[in-house]
Structures are given as structure tokens and as C-alpha cells.
Amino acid sequence: MPSVQDPVQTPQSPRVHGDEEEEGSDDIESEFASSIAERSSTVHPYRVSVAESSINSWDIDSVSITNSGTSVHFYEEHVGTPTNHHALVAHPNTGEIMRYNPLQTRPINPKRDLALYGYGSVAWKNRVEWKRKQQHKIQKVSSDGEGSDLNDFDGHCDIPKCAESKQQLSRKLPIPSSKINPYRIVIILRLAILALFFHYRIRNPVHDAYWLWLTSVICEIWFAFSWILDQFPKWYPIKRETYLDRLSLRYEKEGKPSELAPIDIFVSTVDPVKEPPLITANTVLSILAVDYPVDKVCCYVSDDGAAMLTFEALTETCLFARKWVPFCKKHKIEPRAPEWYFAQKIDYLREKVHPEFVRERRAMKREYEEFKVRINAVVANSHKVPEGGWVLPEGAPWHGNNVRDHAGMVQVITGHDCVMDDAGNKLPWLVYVSREKRPGYDHHKKAGALNALLRTSAILSNAPFVLNVDCDHYINNSKALREAMCFLMDPVLGEKNCYVQFPQRFDGIDQHDRYSNHNVVFFDINMKGLDGIQGPIYVGTGCVFRRHALYGYDAPTATKPPSKTCNCWPMTCCLCCRSKRKCLKAKKKQENQKKVKCRDASKKVHALEVTEIGKENAILVPQEKFEKRFGQSQAFLASTLQESGEACRFDMLKSLDDCMHVLSCGYENKTQWGKEVGWIYGSVTEDILTGFKMHCHGWRSVYCMPRRPAFKGSAPINLTDRLHQVLRWALGSVEIFLSKHCPVWYGYQCGLKPLERLSYINSVIYPWTSIPLIIYCALPAFCFLSGKFMVPEMNIYSSILFIALFVSIAATSILEMQWGGVGIDDWWRNEQFWVIGGVSSHLFALCQGLLKVLGGVSTKFRVTLKGGDTNEFSELYEFKWTWLLVPPMTLLLLNVVGVLAGVSKAITDGYESWGPLLGKLFFSCWVILHLHPFLKGVMGKQDRVPTIIVVFSVLLAAIFSLLWVRVNPFTIKFDGPVLEVCGLECE
């Protein structure tokens with residue numbers, strides 16, 4: 001039996017900024033201190049029969065008890081050790097229950113690696129087994145003893161658990177000071193340089209090109225402001241580490257049912273044409289095969305297009321899952337989406353020596369190919385729509401024949417006892433959901449579909465946690481749910497976390513990532529910075545929520561009841577507590593399923609059927625307030641009061657009727673859904689609003705980056721599709737900026753931290769940068785055409801300022817890449833597409849947002865085309881015309897014409913004109929280099945330039961050439977006589 005280290009003296013991770021804000025004390029010390037205080041204040045029955053004198057008189061150095069070959073060693077008692085740290089063991093001779101001190105110093109074998117005593121190793125597993133055997137012996141002795149006091153040992157005494165199960169399930173890892181401190185110093189220096197730079201620029205105007213100078217200064221001031229909004233939320237970047245072995249030790253004990261929390265998984269899809277059913281099927285298969293207890297997982301697929309094709313594809317997926325799920329769990333393969341597993345270009349036989357695996361893999365690949373054939377057949381048949389519409393096998397018409405006018409649908413495909421896999425085990429729940437659609441109702445797109453799933457899942461499964469993924473984002477790491485539970489189920493800090501956000505990773509991107517689809521600068525730098533403040537923003541997919549946070553509850557402020565006069569617990573505080581900041585005192589304790597009478601000051605007495613939520617006192621809540629907040633479904637109201645995971649499993653007919661009620665399109669009328677409850681409405685980017693409201697309620701979020709990416713999806717690699725995707729994101733930010741939920745003025749007296757507010761302001765204000773950006777990109781060409789320059793003549797001081805500014809920008813970027821782990825290629829692609837998107841998608845989004853909010857002109861929601869083409873990267877070179885291509889194309893041609901005009905003028909004027917030309921060339925080349933990926937995307941993989949490019953090139957070149965030759969708007973017009981020097985001396 002290996003010796004055990006003192007758990008209190010276990011090496012701790014260094015403290016990170018922000019820890020004291022979460023709990024006010026250190027992690028492990030406070031946990032042990034609290035447990036010691038609780039045990040010291042509790043009187044246990046068995047303590048009466050244990051003589052305290054016998055504890056100190058037991059002076060056995062090493063006594064062995066052998067039972068079935070197991071040897072247990074007892075060591076000498078140290079008098080100075082508190083008795084609260086002593087475990088109870090049986091005396092080797094008399095069988096009397098004695099105290100055993102686990103905190104004393106014990107010899108460690110110097111030849112053994114100290115890591116063997118770490119958490120989750122085999123040695124620790126043996127120690128856990130030893131503890132369990134000791135508890136079993138104590139129970140056996142107590143059952144054979146005299147008094148009945150010892151018979152309650154297992155139920156009432158607080159046996160000290162192993163140190164491993166008491167540890168936190170995750171920790172913060174600070175960025176090394178050698179990386180973060182120089183980064184912060186450079187930021188401060190850059191601020192000082194910017195102050196000196198603007199002092200110089202404002203004090204030294206260019207009089208002969210005043211409007212060029214003024215315009216450039218205004219643009220530069222805006223760029224500096226947007227840089228500050230983006231930079232300072234990255235002041236406290238952190239990383240996190242999870243301990244899955246501790247999670248298993250705490251919640252998955254041998255011989256007992258798993259205590260891991262249930263989780264509902266939402267998969268949203270709307271158009272089976274742009275979102276191929278095979279992509280959705282792979283996502284569902286990865287969910288059904290996830291490494292999590294089967295009875296704790298429920299998968300809900302929201303089909304907002306009510307397509308018969310999606311429903312048929314799910315039924316085929318269920319049949320294939322019976323073979324695929326046991327294969328994944330038996331051989332522990334990754335990833336568990338078959339399309340991507342079989343597409344891996346790796347040696348799948350590496351470290352696989354058993355011939356059975358080879359046979360089963362080949363057989364499974366054949367099964368998957370047959371499954372794809374069946375899916376393709378379903379897709380082919382869907383194109384032949386019958387005249388009377390689709391009908392079900394029993395002859396009933398399919399409700400979704402009219403996509404815009406149909407009833408709601410719920411179908412439990414797997415999860416009931418009659419659906420087993422080939423190994424004889426149950427499959428997780430798979431539920432098909434399509435909400436009701438009627439003309440004249442605003443269905444709120446994706447946010448409305450997710451809220452419908454939230455209500456339906458509350459009636460059927462009511463899991464305390466909810467994961468939402470897009471239909472093309474499959475689970476790439478089968479332990480992703482366990483990673484999230486390390487933060488949400490942590491007994492010390494878990495209650496304050498509203499959601500765990502995973503980074504987005506993508507498959508099918510070209511090697512050079514031409515259009516910055518990976519967006520690693522945002523996910524690997526910005527999000528780490530936000531994680532050190534109040535948590536990352538919600539990005540719309542790959543996020544595990546706490547259900548109570550989605551219901552609009554405030555974050556808990558304490559882990560105990562606030563006071564003697566308040567019987568409400570923070571996580572389940574009644575509506576009156578949150579709105580009027582006062583509680584209704586409970587008159588007496590209630591048992592499960594009893595009626596609690598609630599008295600309103602000005603209205604009649606209501607009776608609400610509630611389920612006790614696991615606390616000592618029931619909560620008095622007026623039914624009218626619940627109905628105004630959550631709607632009039634009694635089944636859903638009851639689920640909000642139930643302990644997490646306690647659902648009506650499962651009266652099929654009654655539950656499905658309740659589901660039809662909450663799926664109706666008029667259910668949300670005159671309620672708080674979309675305003676304070678669920679996913680928030682008011683923008684096509686519901687993710688930003690939803691996360692912002694949660695942070696305003698005082699919640700924290702967590703950014704989890706496991707070594708193996710948790711989720712992977714597909715991204716649009718075509719230039720046009722990529723620009724439309726960015727257009728939709730920017731349009732949502734404009735809508736939020738022009739709404740009452742704008743973080744510039746919303747929610748100042750709440751739990752939102754200042755730096756977190758800066759990040760939200762930056763997320764809604766960035767589309768406005770398109771105006772100064774497009775002007776600034778056009779200024780170099782205007783300088784060429786006018787012969788003027790926006791910067792005054794350079795001297796030594798101004799040259800030093802410009803050089804210092806460029807060096808500070810480069811140093812900031814290099815240090816960010818260093819601590820963020822981002823390559824220079826990814827950083828440069830991000831910079832390029834920031835310009836491309838800024839002068840195209842962001843500008844159009846700004847115009848559309850202003851028209852929509854101020855003019856009432858609605859915009860059409862465009863679904864991003866998901867992957868599915870058999871020819872790899874075939875869409876990368878496909879040219880699709882859109883008006884989004886016009887602004888960057890114009891800027892590109894304008895700068896090219898300007899460079900040609902400036903060089904030709906310099907050649908004509910002679911050597912002296914090359915000096916002023918260098919500054920203009922620098923700015924124009926900066927614009928052209930940033931727009932280079934756009935030029936490659938427009939030209940495609942062709943030997944000749946498209947005709948439309950030629951037409952625009954000739955047209956714009958002619959226009960600006962005429963402007964250069966005949967029209968100069970930057971000079972003063974004079975219509976008087978022309979004065980010339982006559983050459984005569986007047987004197």
C-alpha cells in the first residue's frame with residue numbers, strides 16, 4: 001500500500017487574478033476549513049460510545065490487519081493533530097471504533113516518482129479501494145456491536161472522504177509572467193505613443209490639403225478608440241485545466257448509479273437543402289455515442305422547416321445507431337461521427353493489435369456506406385413531391401406539407417425500452433421536434449426554435465443543463481460533456497457559472513485558410529482574455545447552459561440561505577424576490593406535491609400545485625406572476641419548480657399533449673419569453689444578446705479548451721458565402737446597437753464588470769468601423785490623384801513617432817501570438833479579412849440595419865450553406881456574383897490606378913518627386929496587400945479574368961483618370977485673370 005501525502009499540503013497552482021472575486025478565499029484551504037467547521041459543530045450519535053482517552057492511549061507503531069490478502073497499516077498518533085481530521089477505524093485486537101489520523105507525515109519511497117501519488121493514478125485508485133474496505137469493516141463491526149448508536153454510522157456520521165474527491169474539478173492556469181508582463185508594458189507604451197502621435201497630428205495640419213488631413217485624423221482617432229475597446233478586455237488572459245478523474249471519483253462510484261447531472265442536447269436545422277441530412281445525421285450519431293451515461297443524455301432535433309426529408313433521415317439514423325454506438329464505445333474511437341472518422345488520413349491500425357477490431361471496422365465501414373446510400377435515396381425521393389403532399393405510413397397527412405402553416409410535431413424516436421442497440425443496451429433519447437407555424441406570427445428564427453425546444457425538453461426530460469449545437473457541429477471529443485461538467489458541477493465554484501463555451505473548430509478548410517474561417521485570433525486570444533474577467537461571450541453553438549440561467553434567474557450570491565427572514569435560496573428564488581427585492585416568509589414546511597397557498601396584496605388567493613425543490617421550506621409564488629413570465633402551461637410551470645432532472649418520465653400521451661401546448665405559435669404572447677427568459681429576441685445574432693443578459697444577471701461563464709477540440713463543424717469556404725455569413729453577424733450587432741439592450745447604456749446597476757462591458761460594446765460597435773475604414777482605404781488613391789498628401793512634411797520627431805507607432809503595433813501582435821499560441825499565418829489572414837469584411841459586409845450590414853430599425857424595411861434571413869460537396873475545395877474557386885463584391889473591388893482598382901498614376905508622374909517630374917511618393921506608395925500597398933485574398937477569390941481558378949471584372953476595371957479606371965486629369969477637388973478654384981511674371985523691374 002503506497003503512502004499518502006497530506007492533502008492540505010498538496011502542491012497548489014499559483015493564484016490567478018480573479019480567484020478572490022469568486023469565493024474570497026483560497027480553493028482547497030477554504031474547502032477543508034469549512035468541512036472541519038461543519039464536522040466540529042455536528043454531534044454524531046457514535047461519539048458517545050467512543051472513549052476519548054483511548055485515542056491518545058493507542059500507541060501502536062505498525063499493526064497489520066489481514067483480510068483476504070489485504071494489509072492495512074496503522075501509524076502512531078500525533079497528539080497535536082485536530083481530532084476532526086481523524087477517520088474511524090476498527091482496533092486490531094478489540095474491534096473498538098478508534099480515530100485514525102490521515103494528515104500526519106508518512107515516509108515516501110525516494111525511488112518512486114512523486115507523480116505516482118498524483119490524482120487519478122493507479123496508486124490513488126488503490127487508496128480509494130482501501131478506504132471503501134475500511135468503511136465496510138467499520139459498518140460490519142458496528143452491525144455486530146452492542147449499541148444501536150453505531151448502526152447509524154453510515155447514514156449520519158461525516159466520514160472524511162479521500163482528498164481527491166474533495167478537490168476542485170478544474171483550476172485556472174495563469175499565463176506565465178515572462179509572457180504577460182511584457183505584453184502589458186507594450187500596451188501602456190503604445191497608449192503613450194498614441195497620445196504623442198495624435199498630439200503631433202492635430203497640432204500640425206496640412207494647409208494645402210486640409211480636408212485630406214482632417215478626414216485622416218478623424219479616421220485614425222476612431223481606429224484608436226476601437227483598438228482600446230478590443231485591447232483592454234485581453235488584460236487578464238487565463239487558461240483552464242479540468243480533472244476528469246476527480247469528476248468520476250466524486251459522481252461515479254462503483255456499485256452505485258451515476259450521479260452525473262442529466263443534459264439535454266439541442267440540434268437546430270431549418271433547410272435540408274442547404275443543410276444536407278447526412279451532415280445532421282453525423283451530428284446526431286456523435287451525440288448518441290457520446291461518453292456519458294445513457295440515461296442522462298437526451299437529444300432534441302429542431303426541424304424548423306418541418307421537412308419530411310429530415311424526419312425520414314432521422315429514422316434511418318436511428319437504425320444505423322444501433323450498430324454504430326456499441327462499436328464506438330467498445331473500441332473508444334474518436335471522433336464518433338462516422339463521416340469524419342472514416343475520412344481520417346491516419347493509420348487506424350496503430351496501437352490496435354487485436355484482429356477483431358480490423359474485422360469490425362471493415363464491417364462497420366460497409367454498413368456506413370450502405371447507410372449513406374439509403375440517405376441519398378431518401379434525398380432523391382424527396383424531390384418527387386406527390387400532388388397531395390406527403391403522408392405518413394398510417395395514411396395521415398404530413399403536417400409540414402405547408403412549411404409556413406402547420407401544426408407542431410413531437411416524435412420520440414429512441415429512448416423507450418423497445419429501442420436497443422445490437423449489444424442489448426438502451427440508446428439515449430432522440431426526439432424530433434417541429435414547432436407550430438402560422439401566418440401572421442413572428443417566429444423569431446433560430447432563437448424562437450431554441451425556446452420551443454427549451455420548453456419541450458422541460459416537460460419530457462427537464463435536465464439541469466442544456467447543450468446547443470448547430471446541425472453541422474458534431475462532437476469531436478466524446479468526453480466534451482464531462483469537460484463541461486467539471487465547471488458546472490464543481491461544488492465550490494460551479495453554482496456561479498451560467499454556461500461553458502467551447503471554441504469553434506472547422507473541417508474542410510483549405511490549407512491556407514484564405515478567408516480566415518478558423519478565426520483563431522478571436523477564439524485563442526480574445527476569448528482567453530474574456531475568461532479572465534467574467535467569462536467569454538456566447539457564440540451560438542458548442543455551449544452548455546445551466547437551465548436556471550436560461551430561465552432568467554439571477555446568479556446566486558451565497559451558498560447558504562441569506563437570512564433567517566428569507567426562506568428563498570438563490571438558485572430558486574421566487575419572482576417576488578427578484579422583482580421587488582423582498583421575500584414572502586414561508587409559514588411551515590411542506591412535503592412533496594402539496595398545495596401552497598399564495599396571497600397577493602390586491603388580488604384573490606391562488607392555489608398552485610408545486611413540487612418541493614429539495615430545500616427545507618417551500619416557496620410561496622403567485623401563480624399569476626409565474627404565468628406572466630413562463631406562460632400558462634401547468635406542466636411547464638411544475639417543471640420549473642422541480643429539482644433539476646426530475647421530469648415527468650413518462651406519461652406519453654399527457655406529456656405529448658403538454659408539448660403541443662408549449663410548441664404553439666401563440667404560447668409566448670404576453671410572456672417574458674425572448675425578453676427575460678430563454679434565448680433573447682431582437683437580433684439575428686441571438687447569441688450575443690443571450691450571453692449579455694446572463695452576465696447582466698451576475699452570472700459568470702467559462703471558456704473550455706480541451707486538448708482535443710470538443711466540437712467541429714463546417715464553414716463556408718466560398719468568398720460569397722463567407723461574406724454573407726459575416727454580413728449576418730454584423731447585421732445582428734447593428735440591431736443590438738440600435739435597441740434598448742445596447743451595452744453602451746443598458747444594465748449599469750447589475751453584475752456586469754466594466755471590462756466585460758467593453759468587450760460587449762466592441763462586439764456591437766465594430767460594424768461602424770466600416771465607414772472610416774473604407775474612407776481611409778480610399779485616401780491613398782485620392783492623394784495620388786490630387787498630388788497632395790494627408791501627412792505634413794516629415795522631420796526627425798515625426799519620423800521617430802511613426803517608427804515607434806509601427807514598432808509598438810508589431811510588438812503587441814507578436815506578444816499576443818506568443819501567449820495565445822497563434823501562428824503568424826493565422827494572424828495575417830485575420831488582418832486581411834478584417835479589411836475585406838469591413839469594407840464590404842460590415843458596410844452593407846450597417847445600411848440594412850439602419851433601414852430595418854429606422855425605416856421598418858425587413859431583411860431576409862439567409863441560411864449559411866453547409867458542407868457536403870464530394871469534391872474537396874470545389875466551392876473555394878467558384879465565382880458567385882453579389883453586390884458585396886463591389887466596394888472592395890472598387891477600392892482595389894482605385895489604389896492600383898492611383899499607384900500607376902503616381903509612379904508615372906514621378907517618372908515624368910524627375911528624381912526629386914520620388915521622396916514624397918514613398919509615403920503614398922506605403923499606404924496604397926497596405927490596402928492592396930490586405931485585399932489580395934479578395935482578388936484571388938474573385939478571379940477564381942481560371943486562366944482569364946472574368947468579364948465582369950474587366951468591365952468594372954475599364955469603367956473605374958476611365959472615371960478616375962478623368963478626375964485626375966481634369967477635376968481636382970482639393971485645389972482652390974479661381975476664375976479671374978491669369979497673372980504671370982512679366983520679367984520687368986518696376987523700380
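- Between I375 and F371, some side-chain heavy-atom pair lies under the 4.5 Å cut-off.
- When atom types are taken as modelled, the side chain of D721 and the backbone of P716 share no donor-acceptor pair closer than 3.5 angstrom.
- The closest donor-acceptor contact from the side chain of T456 to the backbone of L453 lies at 3.5 Å or more, if one exists at all.
- When all heavy atoms are compared, the tightest approach of R629 to G552 is NH2-O, 3.3 Å.
- Under a cut-off of 6.0 angstrom, the local environment of OH in Y251 is crowded, with over 12 non-hydrogen atoms contributed by other residues, nucleotides or ligands.
- Proximity of a side-chain donor or acceptor of S639 to a complementary backbone N or O of N462 within less than 3.5 Å is not detected.
- A salt bridge links E676 to K693: at least one charged side-chain nitrogen sits closer than 4.0 Å to a carboxylate oxygen.
- A side-chain contact (heavy atoms from CB on, under 4.5 Å) with L481 is found for exactly one of L488, V500, I287, L467, namely L467.
- For the pair K446 (side chain) and G540 (backbone), a donor-acceptor distance under 3.5 Å is present.
- Smallest separation of non-hydrogen atoms from D421 and R322: CB-O, 3.3 Å.
- With hydrogens and angles ignored, the 3.5 Å screen pairs no side-chain donor or acceptor of R435 with any backbone N or O of G408.
- Counting heavy atoms of neighbouring residues, nucleotides and ligands inside a 6.0 Å radius, atom CD of Q672 exceeds 12 of them.
- N401 places a side-chain N or O within 3.5 Å of a backbone atom of W390 that can act as its donor or acceptor partner.
- Screening W429, Y300, F465, F545 for a side-chain contact (heavy atoms from CB on, under 4.5 Å) with D264, the sole residue that qualifies is Y300.
- In this structure, the side chains of T317 and L285 come closer than 4.5 Å at one or more pairs of heavy atoms.
- Tested against D405, the residues R438, K437, H399 include a single side chain to side chain donor-acceptor pair (under 3.5 Å) partner, R438.
- Residue Y553 is tested with H548, R546, M694 for a side-chain contact (heavy atoms from CB on, under 4.5 Å); the sole match is H548.
- In summary, E360 and R362 do not engage in a salt bridge, as defined by a charged side-chain N under 4.0 Å from a carboxylate O.
- In this structure, a donor-acceptor pair under 3.5 Å is absent between the side chains of Q504 and T541.
- Applying the side chain to side chain contact (heavy atoms under 4.5 Å, CB included) rule to P293 yields the partners E252, S258, L260, D295, K296, R482; only residues at least two apart in sequence or on another chain are considered.
- Using bins of under 30°, 30° to 60° and over 60° for the plane-to-plane angle, the ring pair F506/H473 lands in the perpendicular bin.
- Each of W679, W673, Y667, Y681 was evaluated against N451; a single residue qualifies, Y681, per the side chain to side chain donor-acceptor pair (under 3.5 Å) test.
- Residue T690 is tested with L450, I680, T685 for a side-chain contact (heavy atoms from CB on, under 4.5 Å); the sole match is I680.
- With contacts defined as side-chain heavy-atom distances shorter than 4.5 Å, the pair V301/V433 does not qualify.
- A donor-acceptor contact closer than 3.5 angstrom links the side chains of Y474 and D507.
- Scored by the side chain to side chain contact (heavy atoms under 4.5 Å, CB included) test, D303 finds T269, A307, T310, Y432 as partners (sequence neighbours excluded).
- The backbone N or O of E686 sits nowhere less than 3.5 Å from a side-chain atom of S683 that would complete a donor-acceptor pair.
- No hydrogens or angles considered: a donor-acceptor pair under 3.5 Å links the side chains of S714 and D472.
- In this model, a donor atom of one side chain and an acceptor atom of the other lie less than 3.5 Å apart for R722 and Q725.
- Two residues are said to be in side-chain contact when any heavy atoms from C-beta on lie closer than 4.5 Å; F711 and T283 fail this criterion.
- Salt bridge K445/D304: absent, no basic N to carboxylate O contact under 4.0 Å.
- You'll find the side chain of I459 stays beyond 4.5 Å of the side chain of H661, heavy atoms only.
- Between V544 and Y499 the shortest side-chain heavy-atom distance does not fall below 4.5 Å.
- One side chain, S457 or R547, offers a donor N or O that lies under 3.5 Å from an acceptor on the other.
- Under 3.5 Å, the side chains of Y341 and N282 contain no donor-acceptor pair of N or O atoms.
- In this structure, the side chain of E275 engages the main chain of V270 through a donor-acceptor pair within 3.5 Å.
- Each of H741, K852, Q848 was scored for a side chain to side chain donor-acceptor pair (under 3.5 Å) with E735, with one residue passing: K852.
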Report task. Show your working on side-chain hydrogen bond (donor to acceptor under 3.5 Å, both in side chains) between N468 and Y538 and close with a plain yes or no. Result -> CA-CA 11 Å; N468 90 285; Y538 168 45; 3.0 Å; yes
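- Contact check for H443 versus E436: no side-chain heavy atoms found under the 4.5 Å cut-off.
- Taking the side chain as every heavy atom from C-beta outward, P277 and V379 approach each other to under 4.5 Å.
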